[in-house]
Amino acid sequence: MKSRSLDWKLLIGLVIAHLLFYFTFDQTSVFWYILTGTTLFLISYTMVNEDIEDELSVFSYLIFGFISGILLYSLFFIGNTSFDWLHLSTFQNQVISLYTKFSPDFIWHYIVLVLVIIPGEEIFWRGFVLKRLLHFLPSGTSIILSALLYASVYLYSGYFVLMLAAIVSGSIWGLLYVKKRSIPLVIISHLTFDLLLFLFLPII
């Protein structure tokens with residue numbers, strides 16, 4: 001039977017995440033510096049309060065991660081194309097603005113993206129938030145709620161399309177984590193997705 005007791009570590013972690021992301025998006029001129037610091041803090045908070053799971057072999061999580069990352073990118077590519085077909089110029093303009101404002105520009109941006117930000121997001125949002133929700137909620141409810149919580153910190157960006165993207169991607173990565181119980185798997189999936197999105201095949 002799942003515990004129904006209030007998880008104070010989870011609540012405190014979520015409050016900290018919101019405060020940090022509010023500050024991150026409020027300081028756009030130094031966005032990458034602050035995002036790196038925010039992610040490092042959330043990694044530290046997770047490491048102190050939760051164990052990181054990995055129940056797959058290296059070969060398995062590399063294959064599952066790579067394929068799922070490509071499929072997720074394909075879904076986003078189709079979604080962005082549909083904005084054009086449906087004449088949803090508001091969403092299209094937001095996507096263009098997001099690329100202009102927040103895409104990596106320098107080599108060190110890509111280094112921290114790969115080594116800190118992507119692993120850190122998965123460690124905190126799937127390895128901590130989702131894992132703790134699973135202690136007292138059914139799997140499906142936990143996946144949806146964790147995706148909504150993941151998206152909620154992007155409210156401070158001012159871009160609805162970014163929140164929508166976080167809900168979709170967070171749901172996929174949450175499902176992968178619940179099914180495979182491997183943080184390296186979701187990190188590889190996220191890494192594949194982001195490198196396609198920002199470096200190899202940008203959608204704008």
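No hydrogens, no waters, no symmetry mates; every other heavy atom, side chains included, goes into these values.
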Residue pairs meeting side-chain hydrogen bond (donor to acceptor under 3.5 Å, both in side chains), one or both in residues 88-116, sequence neighbours left out, come to Ser97-Tyr159
All pairs passing side-chain hydrogen bond (donor to acceptor under 3.5 Å, both in side chains) where residues 52-70 contributes a residue, at least two apart:
Glu53-Tyr177, Glu53-Arg181, Asp54-Ser182, Ser57-Ser60, Ser68-Ser189
Sequence neighbours excluded, the answer for ring pair (Phe, Tyr, Trp, His ring centres under 6.0 Å) partners of Phe76 is Phe193
How would you list, by chain and number, every residue that makes a ring pair (Phe, Tyr, Trp, His ring centres under 6.0 Å) with Tyr156, sequence neighbours excluded?
His18, Tyr22
Relative to the ring of Phe102, is the ring of Phe31 parallel (under 30°), tilted (30 to 60°) or perpendicular (over 60°)?
tilted
Show, in sequence, the C-alpha distance, side-chain angles and deciding distance for Thr39 and Leu20, and conclude whether the side-chain contact (heavy atoms from CB on, under 4.5 Å) test is met.
CA-CA 9 Å; Thr39 309; Leu20 290 174; over 6 Å; no
Exercise: do Tyr33 and Gln27 side chains pair donor with acceptor under 3.5 Å
no
Other residues, nucleotides and ligands only: do more than 12 of their heavy atoms fall within 6.0 Å of CG on Asp26?
yes
Do other residues, nucleotides or ligands put more than 12 heavy atoms under 6.0 Å from the CZ atom of Phe83?
yes
Per side-chain contact (heavy atoms from CB on, under 4.5 Å), Leu149 is matched among Leu130, Ile144, Leu133, Leu10 by Leu133
Leu71: hydrophobic cluster co-members (side-chain, 4.5 Å)
Phe59, Ile63, Ile67
Whichever hydrophobic residues join Val15 through chains of side-chain contacts under 4.5 Å
Leu19
Ring centroid separation for Tyr73 and Phe200, is it under 6.0 angstrom?
no
